[in-house]
2 protein chains.
Amino acid sequence: MSAKQPLGFDAHDHSACITDGVAAADDYCTRLGVQLTPVRRRVLEILLEAHRARGAYEILDILRAEGLGAQPPVAYRALDFLTKHGFVHKIERLNAFIACAHPGQSHAAAFLICRSCEAVAESMGQGALDGPAAAAGFQIESEVMEAEGLCPKCREDTP
Amino acid sequence: MSAKQPLGFDAHDHSACITDGVAAADDYCTRLGVQLTPVRRRVLEILLEAHRARGAYEILDILRAEGLGAQPPVAYRALDFLTKHGFVHKIERLNAFIACAHPGQSHAAAFLICRSCEAVAESMGQGALDGPAAAAGFQIESEVMEAEGLCPKCREDTP
DNA sequence: TTGATAAACGTTACTCTATAACATATCAAC
DNA sequence: GTTGATATGTTATAGAGTAACGTTTATCAA
């Protein structure tokens, strides 16, 4: 079994992910007049630190250790806020959360989840269910698209 | 690509859904030499009775009332079996389960979930994530595609 | 500046979802 | 009939999520 790789599938300047992610949230909140409070900011940072999904209770443990909140609602409220405003996505398959890789851009998010190293890549897959929905007369309000399998790195490492 | 009409929102001979679903499972299990035990058969029937998703504990309540099992693992084991063999799908968005509308046919299942009446339609959407996955060198093993919104009936009823 | 209002936080307590672990039973094959 | 695989029964617990309440903090208007 291969080691967990904290980055996405591609090598990239990861410090920029965190900096840019928080900056984008900051700008957005200022423009809309909503608050990026310490707990919300910290939760976003925690999720930006890794290109993998983290459970609400895993996040809560970190918050608790840092004195930012000890009970589940603290984590869930921050996650709700960040999700509502598009900075965080929920991975339904994992009951876990991940920072958005394209903050600010409206998009139907799709995810590729590696079952070996737990890396998660976000793709801006557009409306895969639009065809069937139109045929059925169904009005889509939100979409979940998630694939589980092996990332390029783990395909080599684990034959 | 021709969009197939998803099953579930339209009127149809529903008794055939149950009969055919159980018969298909029976045939399959006979051919593969696996057992469609009373609990497994009953769970499949329960899910075939409605084109909506039911939680494991909702199913368990029925099993318990019928003397077929009282503890969670009983329901989860039956659901695992049925899911593994393709007779039941899990709706990740709802943490619930639904009978497969196309038993026996290998397919990547996609679901349209009505938030008003809770009806769930299954569409045989094929490989919506194939493109992004190929581009990333990602090997897909399983896929989740779920859309939530309003079904045709509820669009009229709830304007 | 103060008072009203909304937004956010802190905590308790609980529900729902899911599985680990172990004992018992059933059935097929040798 | 013993063995090994498969399935069930049960206890206990872990993990995920929320309702409800009171307190605090921010925002904005008078």
Side-chain angles (χ1 to χ4, degrees), chain A residues 25-26 28-44 46-47 53-85 87-98 118 144 146, chain B residues 25-26 28-44 46-47 52-85 87-98 118 144 146 148:
Chain A
D26 247 332
Y28 174 97
C29 290
T30 302
R31 277 200 312 280
L32 266 74
V34 295
Q35 304 174 51
L36 190 64
T37 64
V39 175
R40 291 169 178 175
R41 174 186 299 264
R42 186 66 188 117
V43 169
L44 179 57
I46 289 168
L47 289 176
R54 312 187 82 158
Y57 282 70
E58 187 184 344
I59 292 167
L60 180 59
D61 285 344
I62 299 174
L63 294 179
R64 184 180 290 130
E66 296 175 353
L68 277 172
Q71 303 305 327
V74 172
Y76 280 104
R77 286 196 281 237
L79 288 166
D80 285 348
F81 173 88
L82 294 167
T83 300
K84 185 171 74 177
H85 293 287
F87 296 109
V88 164
H89 298 290
K90 179 172 185 188
I91 309 292
E92 297 287 348
R93 181 71 169 251
L94 304 175
N95 292 322
F97 301 84
I98 192 166
E118 297 181 17
V144 173
E146 297 167 3
Chain B
D26 248 332
Y28 173 96
C29 290
T30 302
R31 278 203 311 281
L32 266 74
V34 294
Q35 305 174 51
L36 190 64
T37 63
V39 175
R40 291 169 178 175
R41 174 185 298 262
R42 186 67 189 116
V43 170
L44 178 57
I46 290 168
L47 289 176
R52 67 178 186 90
R54 314 187 82 160
Y57 281 71
E58 189 184 343
I59 293 166
L60 180 58
D61 285 343
I62 299 174
L63 295 179
R64 184 179 292 129
E66 297 175 352
L68 276 172
Q71 304 305 328
V74 173
Y76 280 103
R77 285 195 283 236
L79 289 166
D80 285 348
F81 173 88
L82 293 167
T83 300
K84 185 171 74 177
H85 293 288
F87 295 110
V88 164
H89 298 290
K90 181 172 185 186
I91 309 293
E92 298 287 349
R93 182 72 170 251
L94 304 176
N95 293 321
F97 301 84
I98 192 167
E118 297 182 13
V144 173
E146 298 167 2
E148 197 161 1

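A note on names: the letters A, B, ... follow the listed sequences, proteins ahead of strands, and every chain is numbered from 1.
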Residues forming a salt bridge (Lys or Arg N to Asp or Glu O under 4.0 Å) with [X], sequence neighbours excluded:
X      : answer
A/R77  : none
B/E146 : none
A/D80  : none
B/E118 : B/R52

Task: Partner set under side chain to side chain donor-acceptor pair (under 3.5 Å) for B/E148, not counting sequence neighbours - done: B/R93
TODO: Let me have a per-nucleotide readout for nucleotides 5-16 of chain D, 5' to 3', with B, S or -, counting only protein heavy atoms under 4.0 Å.
DONE: -SSBBBB----B
TODO: Please name all residues satisfying side chain to side chain contact (heavy atoms under 4.5 Å, CB included) with B/T83, sequence neighbours left out, ordered by chain then number.
DONE: B/V88, B/F97
Task: With sequence neighbours excluded, residues passing side chain to side chain contact (heavy atoms under 4.5 Å, CB included) with A/V39 - done: A/T37, A/V43, A/L63, A/L68, A/V74, A/A78
TODO: Keeping to residues at least two apart or across chains, list the salt bridge (Lys or Arg N to Asp or Glu O under 4.0 Å) pairs with something in residues 62-73 of chain A.
DONE: A/R42-A/E66, A/D61-A/R64
TODO: Could you list where the contact with chain A starts and ends along DNA chain C, reading 5' to 3', using a 4.0 Å heavy-atom cut-off?
DONE: C/dA7 to C/dT12
Open item on the list: Which residues pass the ring-ring contact (aromatic ring centres under 6.0 Å, His included) test with A/Y28, not counting sequence neighbours?
Closed with: A/H85, A/F87
Open item on the list: For B/R54 and B/I98: C-alpha separation, side-chain torsions, deciding distance, then whether side chain to side chain contact (heavy atoms under 4.5 Å, CB included) applies.
Closed with: CA-CA 7 Å; B/R54 314 187 82 160; B/I98 192 167; over 6 Å; no
Open item on the list: Taking the axis from the first five pairs and the axis from the last five, what angle separates them in the helix from C/dT1-D/dA30 to C/dC30-D/dG1, rounded to 10 degrees?
Closed with: 30°
